[in-house]
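Working notes for the structure below.
These figures come from a predicted structure and were not determined experimentally. The analysis underlying the following values was restricted to heavy atoms, covering all of them including side chains, and did not include hydrogens, waters or symmetry mates.
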Amino acid sequence: KLQPLLAPLHRCAALRSASAVKLDEHRDILARIKAGDPQGAEQAMTSHLVAEIQDLAALQAEFPEMFEPVEGVKADPRPR
């Protein structure tokens, strides 16, 4: 029963080597906050969130059955 649920997780890991990349991104954001660099922290957070949205869009395109529609939200958040 769990096998169909694992496919999206494996895809996400393949998209960005999820665990290592995301952990590095979080560390970078925190380091910039600790260093008192709000502009750098904002830039790092924006970059991280853009990558997350892109990963979700790719996952949703490949595994639409794993996502529920949300009223007022486009399936693909990228501008056309």
Side-chain angles (χ1 to χ4, degrees):
K1 283 192 156 208
L2 289 178
Q3 197 62 31
L5 299 175
L6 295 177
L9 295 176
H10 291 152
R11 175 69 174 148
C12 186
L15 285 172
R16 299 179 57 229
S17 301
S19 60
V21 170
K22 291 178 189 222
L23 185 57
D24 287 345
E25 290 171 355
H26 289 177
R27 285 182 176 146
D28 182 42
I29 294 163
L30 290 174
R32 291 169 188 257
I33 292 170
K34 287 179 181 177
D37 179 9
Q39 290 85 14
E42 181 180 11
Q43 187 177 31
M45 179 59 85
T46 299
S47 176
H48 171 68
L49 292 175
V50 166
E52 290 295 311
I53 291 168
Q54 290 170 342
D55 285 354
L56 284 173
L59 286 168
Q60 186 173 16
E62 188 165 344
F63 304 101
E65 69 280 2
M66 301 300 291
F67 293 82
E68 294 180 11
V70 176
E71 187 175 329
V73 176
K74 294 189 295 184
D76 184 349
R78 294 172 289 187
R80 295 182 190 264

Rounding to 0.5 Å, atoms CG (Leu23) and CG (Asp28) come to a distance of 11.5 Å
Counting C-beta onward and ignoring hydrogens, is there a side-chain heavy-atom pair between His48 and His26 closer than 4.5 Å?
yes
Less than 4.5 Å apart, any side-chain heavy atom of Lys22 and any of Glu52?
yes
Between Pro38 and Gly36, the two heavy atoms sitting closest are CD-O, 3.1 Å
Under a 3.5 Å distance rule, please check whether Ser47 uses its side chain to pair with a backbone N or O of Gln43 as donor and acceptor.
no
What heavy-atom pair brings Gly40 and Arg32 nearest, and what distance separates the two atoms?
O-CD, 3.1 Å
Shared hydrophobic cluster, Ile29 / Ile53 (ILVMFWY, side-chain heavy atoms < 4.5 Å):
no
